[in-house]
Every structure is written in structure tokens, then in C-alpha cells.
Amino acid sequence: MSTAPYAELNLGGHVGDDPARVRANRAAAAGALGLDSARVVWMNQVHGRDVAVVDAPWPAAATALPEVDALVTAERGLPLAVLVADCTPVLLADPEAGVAAAVHAGRPGLAAGVVPAAVARMVDLGARPGRIRAVTGPAACGSCYEVPRAMQDEVAAAVPGCRSVTSAGTAGLDIPAGVRAQLAGAGVTDVEQVATCTIESPDHFSYRREGRTGRLAGYVWLD
């Protein structure tokens, strides 16, 4: 329903788009997935490492969502959502334990350890790292995500697996690779990567490419 610069399935409610259009887009996306849009749990993402454990949708009267970058649930049928437009969406589930998580892993959150923090909360609820299945969604790739050398050194000191060289031969960061390294360090080895680069793909929103743009969303839930 959204128009430029948010055309057309913008799911982000914090980017300046018409709220009514965002609600319509979210309802359409949920319906296409067979979900009740009113039950989808969103978060106010702030590029940190805080995790919220949820067992129900936020109250309808809530005026602000919690400032977290990961959601974890053991409630079946409760969809969790993560918004991105170059950052890495990480979807996690241990179907046997009945625990799922949605994680927003941007550069600051990766360095802060939001991914292992989410896995740890899943384990608290009965998940086992060796049983967790993970998917990383479309994100900026290491060949496109250029950063100053000092920033690269700072993030790579925390997450060595994320250092990259861009296609221009400059310092870069590969956030999806860093996520995979952190997952492996936490014992999660069943990881699927959607290799689409949001900066390169005209079919995906990219903050780095466009500046003012919409947001994609990743959804995860337990049947």
C-alpha cells in the first residue's frame, strides 16, 4: 500500500510512512502467512543486546514498544517479527523444546552480542543449541558494507569473523558472517543463509542505498 520512497510493502512504522498504510501492509503480510496481524509481536529496535521474553502480544493500549533487539517465546502460535533494511534478521527455533526467537543484528548489536544473548535466553527456556535451527535473512553483504578502518578494527575485535574487504578493495564488515560465527560459538550449527544483498537488490529496502526507505520483516513462530 505504500508509495515512494516506501513503495510498496513497507512494514516499518518508524520511518515516516503513513501509519494507516503500514497497518495495511502488516495485515496483508500476516494474512499471506496465515497469521493474525494483531498477534504479531514487534519491538522497538535500538541496536543493543537486550532480549525480551514474551508469551502474548503487547497490550493494545501500549503507547511504546520495549527497546530490545531480540524477542524469545515458548508460546506456540505467537509470531515474532524483526525489521531490517541492511541489518541481518536472525530467526531461531528449537521445535522440540518449543522455543523461538527473532533477532535484529546490526553492526552495534553484533558487537554487543545480541545473538548469543538471544540463544542464552532460549536455553533458559529449555532449548538446546545443537537442536536450534537458524536462518539469516537478506542483509548488506561484506562486499558492499564499507566502513572506516577504525570501525572495522573495533567490531572485528569483538567478532573476528565479520572482517571483510569490499569490492572496491576498502575495509568492510560482513555482518551475516559475524552472526554465523557467533551462532557457531554458541553451539548452533544448523544455519541457513539467505544470501541476497539488500544493497545490491532492487527488490529489497536498503537504508545504505536509499537513505529514506521502508523496512523488510522476518517472521518466526511455532505451530
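Trp42 places no side-chain N or O within donor-acceptor distance of the main-chain N or O of Ala81, the cut-off being under 3.5 Å. With hydrogens and angles disregarded, no donor-acceptor distance shorter than 3.5 Å links the side chain of Gln182 to the backbone of Val159. Thr73 places no side-chain N or O within 3.5 Å of a backbone atom of Ala100 that could act as its donor or acceptor partner. At distances below 3.5 Å, at least one donor-acceptor pair connects side-chain atoms of Asn25 with backbone N or O atoms of Asn10. Side-chain atoms of Gln45 do not come within 3.5 Å of backbone N or O of Asp69 as any donor-acceptor pair. Side-chain atoms of Asp55 do not come within 3.5 Å of backbone N or O of Glu75 as any donor-acceptor pair. Arg209 contributes a side-chain N or O that, together with a main-chain N or O of Thr198, makes up a donor-acceptor pair within less than 3.5 Å.
Side-chain contact between Leu173 and Gln152 is present, with heavy atoms from C-beta onward closer than 4.5 Å. Using a 4.5 Å cut-off on side-chain heavy atoms (C-beta onward), Arg121 and Val53 make contact. No side-chain heavy atom of Pro57 sits under 4.5 Å from any side-chain heavy atom of Val40. Within the 4.5 Å cutoff, side-chain heavy atoms of Pro129 are placed close to those of Val123. When side chains are defined from C-beta on, Asp86 counts as touching Ile199, because their heavy atoms get closer than 4.5 Å. No side-chain heavy atom of His104 sits less than 4.5 Å from a side-chain heavy atom of Val114.
Here the CZ-CG distance, from Arg76 to Asp223, works out to 8.0 Å after rounding to the nearest 0.5 Å. One finds the CG atom of Asp203 at 10.5 Å from the CG atom of Leu216 (value rounded to the nearest 0.5 Å). Between the SG atom in Cys144 and the CZ atom in Arg208 there is a gap of 10.0 Å [rounded to 0.5 Å]. Between atom CZ of residue Arg23 and atom CG of residue Leu11 there is a gap of 13.5 Å, rounded to the nearest 0.5 Å.
By the neighbour-count criterion of 12 heavy atoms within 6.0 Å, atom CZ of Arg128 is sparsely surrounded, having that number or fewer from other residues, nucleotides or ligands. Counting non-hydrogen atoms of other residues, nucleotides and ligands closer than 6.0 Å to CZ of Arg133 gives a total of 12 or fewer.
The minimum heavy-atom distance between Asp94 and Met122, with the atom names listed, is N-CE, 4.1 Å. Here the closest non-hydrogen pair linking Pro89 and Pro138 is CD-O, 3.4 Å. Closest approach of Val191 and Arg180 over heavy atoms only: CG1-CG, 4.1 Å. Heavy atoms only, all atoms of each residue included: Gly142 and Ser164 are closest at O-OG, 2.9 Å. For the pair Ile132 and Val188, the tightest heavy-atom approach, listed with the atom from each and the gap, is O-CG1, 3.7 Å. In terms of heavy-atom proximity, Phe205 sits nearest to Gly214 at CB-O, 3.3 Å.
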Val82 vs Val103, side-chain contact (heavy atoms from CB on, under 4.5 Å): CA-CA, chis, key distance, verdict:
CA-CA 6 Å; Val82 51; Val103 185; over 6 Å; no
With side-chain contact (heavy atoms from CB on, under 4.5 Å) as the criterion, how do His47 and Cys87 come out once you've worked through the C-alpha distance, each side chain's angles and the decisive distance to 0.1 Å?
CA-CA 10 Å; His47 292 279; Cys87 294; 3.7 Å; yes
Would you sort out whether Arg21 and Thr3 count as a side-chain contact (heavy atoms from CB on, under 4.5 Å), showing the intermediate values?
CA-CA 9 Å; Arg21 293 181 184 272; Thr3 58; 4.1 Å; yes
Show the numbers, then the answer: is there a side-chain contact (heavy atoms from CB on, under 4.5 Å) between Val115 and Leu92?
CA-CA 10 Å; Val115 173; Leu92 305 160; 5.6 Å; no
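There is a path of hydrophobic side-chain contacts, each under 4.5 Å, that joins Leu35 to Trp58. In the hydrophobic clustering of ILVMFWY residues, with side-chain heavy atoms under 4.5 Å counting as a link, Val51 and Val84 come out apart. The hydrophobic cluster containing Ile175 also contains Val147, counting ILVMFWY residues as joined when their side-chain heavy atoms lie under 4.5 angstrom apart, directly or transitively. Both Leu91 and Leu33 are assigned to one and the same hydrophobic cluster, defined by single-linkage of ILVMFWY side chains at heavy-atom distances under 4.5 Å. The hydrophobic clustering, which links ILVMFWY residues whose side-chain heavy atoms are closer than 4.5 Å, places Val41 and Met43 together.
At least one test fails for Arg39 against the ring of Trp221: distance under 6.0 Å to the centre or angle within 45° of the axis.
A salt bridge is absent between Arg131 and Asp190; no separation between the charged side-chain nitrogens and carboxylate oxygens falls under 4.0 Å.
The only option from Asn44, Leu83, Val22 that meets the side-chain contact (heavy atoms from CB on, under 4.5 Å) definition with His14 turns out to be Leu83.
No hydrogens or angles considered: nothing links the side chains of Tyr6 and Arg215 as a donor-acceptor pair under 3.5 Å.
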